[in-house]
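Just so we're clear, the structure is a prediction, and the values are computed from it rather than from any experiment. Atom set for the values below is all heavy atoms of this structure, side chains included, hydrogens, waters and symmetry mates excluded. In the text below, chain A, chain B and the rest are named by the order of the sequence lines, each starting its count at 1.
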Amino acid sequence: MKDYWEKLPDFLQNPDPSIYRSNNYTYVDFETTNIDKGDPNNPSNSIVLAVWIIGADHPGSQGKPVLKARWGNEFELEELVRDIEQSDYFSAHNAKFEYGWLKRCGLDTPNHLAWCTQVGEYVLAGNRKWGQMCSLEKALQSRKMGGKDSHVGKLMKNGVCPSEMPKSWLKKYGKIDVLKGHDLMLRQRREIFKEGLHKTFFTHMLFTPVLNAIESVGMCLDKDRVTAVHKKFADELRGYARELDEITGGINTGSPKQMAHFLYREMKFAIPKDHRGKELLNKPSEDWPDGVPHTNADAIAKLKGRTKKQKRFLEIVAKHNKLKAAMSKSLDKFLDCVNETEDGILYANLNQTRTVTHRLSSTGKHYKAQFQNFDRRFKPLFKARNSGWLVGEADEGQLEYRVAVYLGQDKAGLYDITHGVDAHGFTASIIFKEEWEACGGDRKTPEGKRARTASKAHTFKPLYGGHSGTPRQVAYYDAFREKHQGISNAQKQWISEVYRNKRLTMETGLVFYWDDARLNRNGKLIRPDGRPVDQSVCNTPVQYLATGEIVPVSVVYLFHLMRAANMESFLVNTVHDSAIAEINPTEKELFNKISVLSMEDIIYWYLKTMYDIDFNVPLEAEVEVETHWADNPDWQKEYLAA
DNA sequence: AGCGTTAGCGCG
DNA sequence: AAAGCGCGCTAACGCT
């Protein structure tokens, strides 16, 4: 492993944000053809114009910044590539985009650090919404640095391809863009260092080229499996749809309006209530002045059928709606993809600057399948694109729980983690006391298994400030707080801090703000949209440290170590607490080893080195490698059996 | 026809 | 008045 480590770029062996104080940089902006917003992964796109500035301390400049512009495609930009290779880092607004193009220009992108001004805006924003639409334009405006050349900008917005514009206009636009972007970078750099955000910013920037690499390869569907499962679901759906039509007379069960009318007026079901006896209602409409009763799966599960017809209806309507959703949100698209494309590969954008907790989000490209919420049942529809290869998944077990235990220095939690105590068993022993005691707390018995499974939904709810429910559930939430006093005290402290200062500073330097929240009559702090602040304050530090720092860092090192080891295997996705890869079978053991190293020891080391955090709670990587993503015999039996 | 909003539901 | 958190996508719906 040591050999591989020593092949890593220096900014990973010795991560140090002070490299950004250097004025040996290259600020770059491309004007490209405009298919899919200039997506560098689309081979039909090309660069039209490159404009860049080398910084004052660049070997090619004589003590002051130099502006350069070149017409031409990605094969004619050797000078730009050379300038970046001689820089300590390059800079751009939305550097993930430039990484994609620079790769096409021949730059070995993962070895080059960037300063992305869009990520800079996002880090400065913390969790504030305006940070999530951090266009260059907005960033300039908020600093009163003026806008961009609006004339050419308008043409671009209206779909005119830069390759069709008069060269003089485009060049002027490109130069202004780069000059202003460069000014923004310098100004933002002062702000980020002054606010103490440089460490987390640096960490964010390690992730950017890795995200570009991951999203550019996509995920590969297994045509045979997709076809078979699609048919199975379509057949089942048709049967249910016909039966439902007969019962309802042909209403659309996916329409909350039609369903509410049918359930609560026509069939005269009582409107279901929550544990407090309060009716479950959505916003009022013309037909329902008190609120439209819920028609979702939870509400339907609470209804009691009396007649045979009613019973059958309740039995199948939720199943039907679920099947319909599975078809429209997954299987139809998967089938289109395997039928319409040669290789059956799905692509998505991995968005680094969208979420309030600084975890990733993703947006599906052509087939609109986002990479963070694939239905678990359909993961085994993904295979490796090379024949004989495997799909591996490495995930951080119980990550958010362990992070909460760390943040609260929670003794009971640490004991349970180090001794392998089952958290759901504790939940079951309270919420399902009788059943649990009857089976002696043995989760292998049918009763024990049932109680434990039903408990899972409640176990970690208190981690995020949840406290209400049935008397049994409330008893568990109380018991959790009593048991995990470290976590409870940390939560109380965060909440009181936010009530005092409307902000919370993480150990990494990142600041979260609730400054638009207002006190209500009961002295509760409420966000502008009406939701309370307390729970989000409990959630934010945990979700951020776990999925906004720890997993990104582990994925970064996993990616680079795989490269350093000259592995043919490659990463294809990352989902909050996991990384997914296509694996050459000869590299299976190595993938396993590198995953564990990246998700455990390297994290402790990085958090200490970068943030002086002593992460004294063990992390545990779990690695699975199969022919398909999350594949197993039970799944095959259920979904592929003839 | 196109837009934004709502309900519902998938993921961690 | 009370409410576990964070996302993106579809269909329905109401509006222009």
Can you tell which of [options] lies closest to the side chain of [X]?
X	options	value
Thr363(A)	dA3(C), dG6(C), dG8(C)	dG8(C)
Arg527(A)	dC5(C), dC13(C), dA3(C)	dC5(C)
Lys368(A)	dA2(C), dC9(C), dC7(C)	dC9(C)

Rounding to an integer number of Å, can you tell me how far [X] [atom1] sits from [N] [atom2]?
X	N	atom1	atom2	answer
Arg531(A)	dA1(C)	CZ	C1'	18 Å
Leu525(A)	dA2(C)	CG	P	16 Å
Lys278(A)	dA1(C)	NZ	P	12 Å
Glu286(A)	dC13(C)	CD	P	14 Å
Ile251(A)	dA12(C)	CD1	P	12 Å
Arg481(A)	dG4(C)	CZ	C1'	11 Å
Asp274(A)	dA1(C)	CG	C1'	12 Å
Tyr401(A)	dC5(C)	OH	C1'	18 Å

**Study point:** Intermediate values then yes/no, side chain to side chain donor-acceptor pair (under 3.5 Å), Tyr367(A) and Glu340(A)
**Key:** CA-CA 11 Å; Tyr367(A) 293 100; Glu340(A) 291 168 7; 2.7 Å; yes

Review point. In dot-bracket form, how is DNA chain C paired, counting a Watson-Crick or G-U wobble pair only if both its distances are under 3.5 Å and using | for bases paired to another strand?
Key: ....||||||||||||

Under-4.0 Å side-chain N/O to phosphate OP1/OP2 contact, [X] with [N]:
X	N	answer
Arg276(A)	dA1(C)	no
Ser328(A)	dT10(C)	no
Ser255(A)	dC13(C)	yes
Lys524(A)	dA1(C)	no
Ser361(A)	dG8(C)	yes

By the 4.0 Å heavy-atom rule, please label [X] as base, sugar-phosphate, or nothing.
X	result
Thr540(A)	nothing
Leu281(A)	nothing
Gly530(A)	base

Check your understanding: When you check every protein heavy atom under 4.0 Å of nucleotides 6-12 of chain B, what one-letter string (B, S, -) results, 5' to 3'?
Key -> SSBBBSB

Practice item. Would you mind reporting whether Gln473(A) and Thr470(A) have side-chain heavy atoms less than 4.5 Å apart? Key: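 Side-chain contact under 4.5 Å: yes.
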
**Study point:** Non-hydrogen side-chain atoms of Asp332(A) and Phe233(A) separated by less than 4.5 Å
**Key:** no

Point to revise | Along DNA chain C (nearest heavy atom to each residue), the more 5'-positioned of Ser468(A) and Asn252(A) | key: Ser468(A)

**Study point:** Residue whose closest nucleotide on DNA chain C lies nearer the 5' end, Thr357(A) versus Pro532(A)
**Key:**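 On the 5' side of the pair lies Pro532(A).
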
Point to revise | Pairs touching residues 485-494 of chain A that satisfy side-chain hydrogen bond (donor to acceptor under 3.5 Å, both in side chains), sequence neighbours left out | key: none

Practice item. Provide the full list of side-chain hydrogen bond (donor to acceptor under 3.5 Å, both in side chains) pairs with a residue in residues 274-286 of chain A, sequence neighbours left out, each pair given once. Key: Asn282(A)-His294(A)

Check your understanding: Which residues satisfy the side chain to side chain contact (heavy atoms under 4.5 Å, CB included) test with His261(A), sequence neighbours excluded?
Key -> Arg265(A), Glu266(A)

Review point. Think Arg503(A) forms a cation-pi with Tyr513(A), using NZ or CZ under 6.0 Å from the six-ring centre and within 45 degrees of its axis?
Key: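 No.
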
Review point. Is it the case that Lys319(A) places NZ or CZ above or below the six-membered ring of Tyr240(A), under 6.0 angstrom from the centre and within 45 degrees of the axis?
Key: no

Check your understanding: Between Ser216(A) and Tyr347(A), is any side-chain donor less than 3.5 angstrom from a side-chain acceptor?
Key -> no

**Study point:** Check: Gln370(A)/Ser362(A) side-chain N/O donor and acceptor closer than 3.5 Å
**Key:**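 A pair is found: one side chain offers a donor N or O, the other an acceptor, under 3.5 Å apart.
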
List the atom pairs, with distances to 0.1 Å, where a side-chain N or O of residues 518-525 of chain A and a protein N or O form a donor-acceptor pair under 3.5 Å, not counting sequence neighbours.
residue, atom, partner, partner atom, Å
Asn520(A), OD1, Asn522(A), N, 2.9
Asn520(A), OD1, Gly523(A), N, 3.1
Asn520(A), OD1, Lys524(A), N, 2.8
Lys524(A), NZ, Asp534(A), OD2, 3.0

